[in-house]
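Before any comments, here is the structure.
From a predicted model like this one, the values you see are computed outputs, not experimental measurements.
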Amino acid sequence: MFTYIVKRLFGMIPTLLLVAIVVFMFVHALPGDPARLAAGPEADQATVEVVRHQLGLDLPLPQQFVRYVGNLLHGDLGESLRTKRPVSVEIGERFVPTLLLTLTSMVWSVIFGLAIGVVSAVWRNRLPDRAGMTVAVSGISFPAFALGMVLMQIFSVQLGWLPTVGASTWQHYILPSITLGAGVAAVMARFTRAAFIEVMQEDYVRTARAKGLAERIVVIKHTFRNALIPVVTMMGLQFGFLLGGSIVVEAVFAWPGMGSLLIDSVNMRDYPVIQGLILLFSLEFIVINLIVDVLYGLINPTIRYK
């Protein structure tokens with residue numbers, strides 16, 4: 001297992017390099033002049049050219065990319081064109097709120113998704129199954145931004161129970177986490193139901209029932225662990241999507257996280273911050289996939305990595 005993990009860690013390097021190339025070309029294809037934005041609207045052309053030279057934007061794209069990669073190898077993500085602060089500092093300040101919101105959303109969505117999926121599988125084609133899948137389809141179909149605005153209208157504007165913007169108290173996490181996790185809970189419920197139904201049709205489950213074991217024991221001991229392998233895969237992917245896909249939710253709730261930072265950076269053509277954020281999102285997906293593969297071996301001891 002240790003050798004496998006080391007190989008996967010080294011395998012991240014070419015993937016991240018490819019992502020860096022694509023992101024670099026995409027960012028530089030965006031319309032707008034970052035030198036003009038950095039110099040300010042009142043700056044004359046001579047000042048803009050000085051700023052362009054200071055930022056290295058007057059160099060050919062290959063030289064800019066080589067310098068960018070060289071800085072990355074030294075742990076330098078560059079300097080924000082807007083705030084003149086290191087990109088690592090800009091992202092670091094926004095990372096914790098996004099991570100906490102993602103973890104909060106993931107915890108409740110996994111618990112509810114697993115519960116609804118298991119109940120729907122055990123009582124398949126009966127009332128609990130129909131009710132659970134109706135809720136799941138509704139969660140998938142309802143857009144996140146619309147759900148967020150509905151929740152704010154009801155619980156903040158009309159009832160006055162919860163705050164709408166900010167991240168200073170635990171109450172601020174309730175509405176954004178529900179908005180962000182609703183779709184994940186729905187996907188988890190449907191995926192868990194499908195996985196459990198498939199496992200419950202296996203011979204060893206029928207044998208356990210034939211021995212007279214209670215249905216609760218059959219579900220928990222013989223079905224749950226084997227059905228978790230595909231579910232864990234979905235959990236890992238959904239966690240990665242939550243980290244990188246919270247942009248809309250953060251915009252709705254004015255959440256001080258990486259999503260709002262990315263929106264501001266795109267609007268201001270802040271190349272270094274955009275590149276740093278997208279590289280971070282890519283690294284998160286790679287690391288999450290590695291964690292999922294490791295969890296496979298813990299859930300199912302028959303899986304061995306070489």
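One hydrophobic cluster, built from ILVMFWY side chains closer than 4.5 Å, holds both L159 and W170. Put simply, I197 and L114 are part of two different groups of oily side chains (I, L, V, M, F, W, Y) that touch within less than 4.5 Å, one to the next. Residues F95 and L283 share a single hydrophobic cluster, defined by chaining ILVMFWY side chains whose heavy atoms lie under 4.5 Å apart. In terms of hydrophobic clustering, with Ile, Leu, Val, Met, Phe, Trp and Tyr side chains grouped at heavy-atom distances under 4.5 Å, L77 and V22 are assigned to different clusters. When hydrophobic clusters are built by joining Ile, Leu, Val, Met, Phe, Trp and Tyr residues whose side-chain heavy atoms come closer than 4.5 Å, directly or via intermediates, V118 is not grouped with I116.
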Intermediate values then yes/no, side chain to side chain contact (heavy atoms under 4.5 Å, CB included), R193 and D129: CA-CA 9 Å; R193 178 185 183 273; D129 181 22; 2.8 Å; yes
V96 vs L100, side chain to side chain contact (heavy atoms under 4.5 Å, CB included): CA-CA, chis, key distance, verdict: CA-CA 6 Å; V96 174; L100 292 178; 3.8 Å; yes
Side chain to side chain contact (heavy atoms under 4.5 Å, CB included) between W161 and I174, intermediate numbers included: CA-CA 11 Å; W161 290 352; I174 296 178; over 6 Å; no
Step-by-step side chain to side chain contact (heavy atoms under 4.5 Å, CB included) determination, L180 to L101: CA-CA 9 Å; L180 186 60; L101 176 60; 4.1 Å; yes
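The line from CD1 of I263 to CD1 of I274 is 11.5 Å long, rounded to the nearest 0.5 Å. Considering CZ of R124 and CE of M133, their distance stands at 12.5 Å, rounded to 0.5 Å. Expressed to the nearest 0.5 Å, how far CG of L262 lies from CG of D270 amounts to 10.5 Å. Interatomic distance, E90 CD to E79 CD, rounded to the nearest 0.5 Å: 10.0 Å. For the atom pair CD (E49) and OG1 (T47), the distance works out to 10.0 Å, reported to the nearest 0.5 Å. Rounded to the nearest 0.5 angstrom, S80 OG and I91 CD1 are separated by 10.0 Å.
Closest approach of Y68 to G276, counting heavy atoms only: OH-N, 4.3 Å. The shortest heavy-atom contact between P163 and S156 is O-OG, 3.7 Å. Closest approach of F253 to L175, counting heavy atoms only: CE2-CB, 3.6 Å. Looking at every heavy atom in both residues, G132 comes nearest to S120 through CA-OG, 4.1 Å. Here the shortest heavy-atom pairing between T98 and G259 reads OG1-N, 4.4 Å. Shown here for N125 and R130, the closest heavy-atom pair between the two residues is O-NH2, 3.0 Å.
Taking the six-membered ring where tryptophan is involved, the planes of Y173 and W255 are perpendicular, since the angle between them exceeds 60° and thus also 30°.
Using a 4.5 Å cut-off on side-chain heavy atoms (C-beta onward), H172 and T169 make contact.
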Determine all donor-acceptor pairs shorter than 3.5 Å in which one atom belongs to a side chain in residues 142-152; sequence neighbours excluded.
none

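In the displayed structure, F112 atom CZ is contacted under 6.0 Å by at most 12 heavy atoms of other residues, nucleotides or ligands.
Without hydrogens or angle criteria, S260 side chain to G257 main chain gives a donor-acceptor distance under 3.5 Å. Proximity of a side-chain donor or acceptor of H53 to a complementary backbone N or O of V50 within less than 3.5 Å is not detected.
Salt bridge status for E250 with R94: absent, with no side-chain N to carboxylate O gap under 4.0 Å.
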